[in-house]
Enquirer: 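I have a structure here, written as structure tokens, and I will follow up with some questions on it.
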Amino acid sequence: MPLTTPERARITAVILAGGAGRRMGGEDKGLLDLAGRSLTAHVLECIRPQVGQVVISANRNAARYARFGVDVIADETPGFQGPLAGIAAALAHIDTPLLLSLPCDTPFPPANLAERLQRQLAATGADLAVVHDGQRLHPVFALLRRSVLPALQAYLASGGRKMHTWIATQRHTTVDFADAATNFDNINTPEQRDRLAARLTGIVSNTTSAP
Ligand SMILES: Nc1nc2c(ncn2[C@@H]2O[C@H](COP(=O)(O)OP(=O)(O)OP(=O)(O)O)[C@@H](O)[C@H]2O)c(=O)[nH]1
């Protein structure tokens with residue numbers, strides 16, 4: 001059953017767009033074009049109806065991200081320390097009890113992402129619910145209680161950066177999204193972007209040529 005308005009209001013989504021994009025030649029992936037819109041615009045469109053509010057985690061091009069009309073949060077530590085740094089900054093910023101993290105480089109996340117993570121978090125009483133696609137964990141797709149912030153800050157302060165390692169230390173649950181595995185296909189390289197763009201163009205031209 002879809003989340004109710006009060007349930008959605010308890011969740012802030014953070015779109016993580018603060019990475020170095022090394023495999024993309026150092027480009028800011030969140031602003032990359034796919035089918036005429038930035039990757040961040042695709043993710044924002046999908047996630048906005050699922051939650052109460054959205055913020056963007058970005059470390060460059062603040063003015064361009066500001067045009068999305070939501071809060072833009074930079075990491076507290078410079079130098080691209082990884083997704084956990086963005087999640088920590090977002091947890092410190094929000095005033096909702098739950099944070100939904102998701103990356104900017106996965107343009108079509110499932111339309112029931114927040115709902116399924118929230119239902120399992122509530123049912124298990126865990127502090128974190130993480131996506132599993134049937135093959136592997138996708139730790140950047142997670143619903144976290146705000147109360148995990150001190151533990152995350154301590155992990156980062158100790159030099160920890162790995163999501164899998166930190167999640168393993170927390171009371172977590174995994175949510176099976178095997179039925180939606182392709183929704184978690186992401187874009188890391190120019191070739192992956194071009195392939196997906198070509199597929200989308202095919203879909204559009206097939207649709208428009210239909211009788
Ligand atoms: N806020 C923040 N987000 C990050 C950071 N590093 C990665 N991310 C985000 O986490 C998600 C997964 O990142 P990766 O694809 O592993 O890293 P990337 O920097 O984007 O790309 P590569 O340098 O090619 O690995 C993406 O949405 C990134 O924008 C960081 O240091 N800070």
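Indexing begins at 1, ligand by ligand and atom by atom, following the structure's order. Note that the numbering runs from 1 along the sequence shown for the chain. Everything numeric here is computed off the predicted structure, so don't read it as measured data.
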Enquirer: Among all protein non-hydrogen atoms, which one is nearest to atom 23 (O) of ligand 1, and what is the separation to 0.1 Å?
Expert: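 Going by distance alone, atom 23 (O) of ligand 1 is nearest to R22 N, 2.7 Å.
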Enquirer: Return the residue, atom name and 0.1 Å-rounded distance of the protein heavy atom closest to atom 19 (O) of ligand 1.
Expert: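 Residue, atom and distance for the closest contact: A20 N, 2.8 Å.
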Enquirer: Working to the nearest 0.5 angstrom, can you tell me the gap between K29 NZ and R22 CZ?
Expert: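 Between K29 NZ and R22 CZ, I get 10.5 Å after rounding to 0.5 Å.
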Enquirer: What's the verdict on side-chain contact (heavy atoms from CB on, under 4.5 Å) for L113 and L102, showing C-alpha distance, side-chain angles and the deciding distance?
Expert: CA-CA 10 Å; L113 178 69; L102 75 171; 4.1 Å; yes
Enquirer: Would you name the heavy atoms of G134 and D176 that are closest together and state the gap between them?
Expert: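 Closest approach of G134 to D176: N-OD1, 4.4 Å.
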Enquirer: Quick one: does atom 8 (N) of ligand 1 have a protein heavy atom under 4.0 Å from it?
Expert: yes
Enquirer: Answer yes or no: is there a donor N or O on one side and an acceptor on the other, between the side chain of D75 and the main chain of T77, under 3.5 Å?
Expert: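 Looks like no, no N/O pair under 3.5 Å.
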Enquirer: In terms of residue, atom name and distance, what is the protein heavy atom nearest to atom 12 (C) of ligand 1?
Expert: D105 OD2, 4.3 Å
Enquirer: Nearest to atom 32 (N) of ligand 1, what protein heavy atom do you find, and at what distance?
Expert: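 For this ligand atom, the closest protein heavy atom is D75 OD2, 2.6 Å.
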Enquirer: Report the C-alpha distance between N59 and Y65 in whole Å, list the side-chain angles of each, state the deciding distance to 0.1 Å, and finish with yes or no for side-chain hydrogen bond (donor to acceptor under 3.5 Å, both in side chains).
Expert: CA-CA 10 Å; N59 289 312; Y65 282 107; over 6 Å; no
Enquirer: When you measure from atom 25 (O) of ligand 1 to every protein heavy atom, which one gives the shortest distance, and what is it?
Expert: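 Looking at atom 25 (O) of ligand 1, the protein heavy atom closest to it is R23 NH2, 2.8 Å.
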Enquirer: For A17, take its heavy atoms, then give the atoms of ligand 1 lying under 4.0 Å from any of them.
Expert: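 This gives 29 (O) as the contact atoms.
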Enquirer: Whether the H172 and D127 side chains hold a donor-acceptor pair (N or O, under 3.5 Å, no angle test) is what I'd like checked.
Expert: no
Enquirer: Identify, by atom number and element, the atoms of ligand 1 in contact range of G86, meaning under 4.0 Å from any of its heavy atoms.
Expert: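 Here the atoms of ligand 1 in question are 1 (N).
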Enquirer: Considering only heavy atoms, which of G21, G19, A89, P83 lies nearest to atom 21 (O) of ligand 1?
Expert: G21
Enquirer: Do V140 and I47 share a hydrophobic cluster (ILVMFWY, side-chain heavy atoms under 4.5 Å, transitive)?
Expert: no
Enquirer: Roughly how far apart are L91 CG and T12 OG1, rounded to 0.5 Å?
Expert: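 Interatomic distance, L91 CG to T12 OG1, rounded to 0.5 Å: 9.5 Å.
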Enquirer: Using a 4.0 Å cutoff against the non-hydrogen atoms of C104, which atoms of ligand 1 qualify?
Expert: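 Checking each atom against C104, I get 27 (O).
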Enquirer: Does a donor on one side chain sit under 3.5 Å from an acceptor on the other, for R161 and Q81?
Expert: yes
Enquirer: Closest non-hydrogen protein atom to atom 27 (O) of ligand 1, residue and atom name please, with distance?
Expert: L16 O, 2.6 Å
Enquirer: Closest non-hydrogen protein atom to atom 20 (O) of ligand 1, residue and atom name please, with distance?
Expert: K29 CE, 3.2 Å
Enquirer: N188 heavy atoms, cut-off 4.0 Å: which ligand 1 atoms fall inside?
Expert: 15 (O)
Enquirer: Which ligand 1 atoms does P103 reach within 4.0 Å, using its non-hydrogen atoms?
Expert: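 Counting from 1, the qualifying ligand atoms are 11 (C), 27 (O).
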Enquirer: For atom 30 (C) of ligand 1, which of the options S57, A90, A85, G82 provides the nearest non-hydrogen atom?
Expert: G82
Enquirer: Would you say ligand 1 has an N or O under 3.5 Å from any N or O of M24?
Expert: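 So ligand 1 has no N or O lying under 3.5 Å from an N or O of M24.
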Enquirer: I'd like to know if I94 and L152 are part of one continuous hydrophobic network [Ile/Leu/Val/Met/Phe/Trp/Tyr, side-chain heavy atoms within less than 4.5 Å].
Expert: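 In one cluster with L152: I94, yes.
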